[in-house]
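Contents: one structure, followed by commentary.
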Protein chains: 2
Amino acid sequence: MVTKQLGGSADDGDVRRADSLAREIFSDVANKWALLIIEALGERTLRFGGLRDEIEGISHKMLTQNLRMLERNGLVERTVHPVVPPRVEYTLTGPGRALRVTIDGLCDWTHRHLGHIEASRHRFDG
Amino acid sequence: MVTKQLGGSADDGDVRRADSLAREIFSDVANKWALLIIEALGERTLRFGGLRDEIEGISHKMLTQNLRMLERNGLVERTVHPVVPPRVEYTLTGPGRALRVTIDGLCDWTHRHLGHIEASRHRFDG
DNA sequence: CAGGATCCCCACCGATACTG
DNA sequence: CAGTATCGGTGGGGATCCTG
């Protein structure tokens, strides 16, 4: 399970609530576009257009949608510069950067096992 | 980007192919149910029903579908015991267990930042 | 018990057009 | 340039029934 079972707590309600919250967050974060956005941001500050250029295949809509979600969860900071034309910049927050580290691990894993996976697929499909 | 840019390679084709493959794997793996299945399996061996009981809210269909996908990618091993009633067991493979480590990191991250996220959401929604 | 097959609905997502 | 709104198609995913 996502949440550790903490044994007999005085009040199970808190555990339950934290559990469902964890699941919710998990659903938000364990999504292709969200992960790619965080990975694309890295340590940089990027504008909306910059992000779109960086993430191949993402649509305008998915980008805004996921950026809002990440901002809501406090993983991305959105700063609007009151100029014309508008200039909006996105940066990872502390928690966002922490998450990025684990995503890096996921990327590393992917590359380390590319060969194994490709071979396994070939075997399976045949 | 998911794939590191390796600078001017002799043949860009290989890089491109590996890149798209990496994206494909990423899409397979960066999905809520797949991650929960891998996390549920852990070091244990579980049967189909056991997995269904373990993963709250997963449907029959999603479980089979994701198990097939994980098997195809060589992350879980499926062993069928020729008895009646059927007995099918699932275990993580080496790469699967390696992936599990990074997913553990993701779970840890989630729990460490529950508070921050909840607060941020509240701020955002208000 | 494991898991395919089918039906069906809803949510995701892309495309497009419009505002500040 | 950044962002919202709307519409329509496609596929995700649940419920159910059926087989070995």
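So that the names make sense, note that chain A is the first sequence line, chain B the second, and so on, each numbered from 1.
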Rounded to whole Å, the NZ-C1' distance (A:K32 to C:dC13) equals 11 Å
From NE2 of A:H81 across to C1' of D:dA2 the rounded distance in Å is 14 Å
Just to confirm, is there a sub-4.0 Å distance from OP1 or OP2 of D:dT4 to any side-chain nitrogen or oxygen of A:R68?
yes
Practice problem: Using modelled atom types only, decide if a donor and an acceptor are shared between the side chain of B:N31 and the backbone of B:W33 within a distance under 3.5 Å. | Solution: yes
Any carboxylate oxygen within less than 4.0 angstrom of a Lys/Arg side-chain nitrogen, looking at B:E54 and B:R44? yes
When the rotation axes relating C1' atoms of four end pairs to the next four are compared across the helix from C:dC1-D:dG20 to C:dG20-D:dC1, five pairs an end, they differ to 10° by 40°
Whole-Å distance, A:E89 CD to D:dG3 C1', equals 16 Å
message: Before you tell me yes or no, could you show the steps for A:L21 and B:R121 under side chain to side chain contact (heavy atoms under 4.5 Å, CB included), namely the whole-Å CA-CA distance, both residues' side-chain angles and the distance that decides it to 0.1 Å?
response: CA-CA 11 Å; A:L21 181 60; B:R121 283 184 175 191; 3.8 Å; yes
Worksheet item: With ring centroids as reference points, do A:H60 and A:F48 lie under 6.0 angstrom apart?
Response: yes
Would you please classify the geometry between the B:H116 ring and the B:H113 ring as parallel, tilted or perpendicular, with 30° and 60° separating the classes?
perpendicular
Q.
Counting the atoms with a prime plus P, OP1 and OP2 as sugar-phosphate, which does A:R52 contact under 4.0 Å by heavy atoms, base, sugar-phosphate, or nothing?
A. nothing
- request: Report yes if at least one side-chain N or O of A:R47 is closer than 4.0 Å to OP1 or OP2 of D:dG3; otherwise report no.
  value: no
Any link between B:V29 and B:V101 through a network of hydrophobic side chains (Ile, Leu, Val, Met, Phe, Trp, Tyr) touching at under 4.5 Å?
no
Residues B:E43 and B:R100 bridged, charged N to O under 4.0 Å
yes
| query | Is it the case that more than 12 heavy atoms not belonging to A:H122 sit under 6.0 Å from its NE2 atom? | reply | no
Here the distance between atom P of C:dG4 and atom CG of B:L67, to the nearest Å, is 10 Å
Heavy-atom contacts, protein to nucleotides 7-19 of chain D, under 4.0 Å, summarised as B (base), S (sugar-phosphate only) or - (none) per nt, yield B-----BB-----
A:D28 atom CG is separated from C:dC12 atom P, nearest whole Å, by 11 Å
For this session: Check for a donor-acceptor pair, side chain of B:T93 on one end and backbone N or O of B:L75 on the other, with a separation under 3.5 Å.
Result: yes
In whole angstroms, the gap separating P of C:dC1 from OH of B:Y90 amounts to 15 Å
Here the distance between atom P of C:dC13 and atom CG of A:L63, to the nearest Å, is 13 Å
Practice task
Scan A:R87 against the nucleic acid and name what it touches under 4.0 Å (heavy atoms): base, sugar-phosphate only, or nothing.
Solution key: nothing
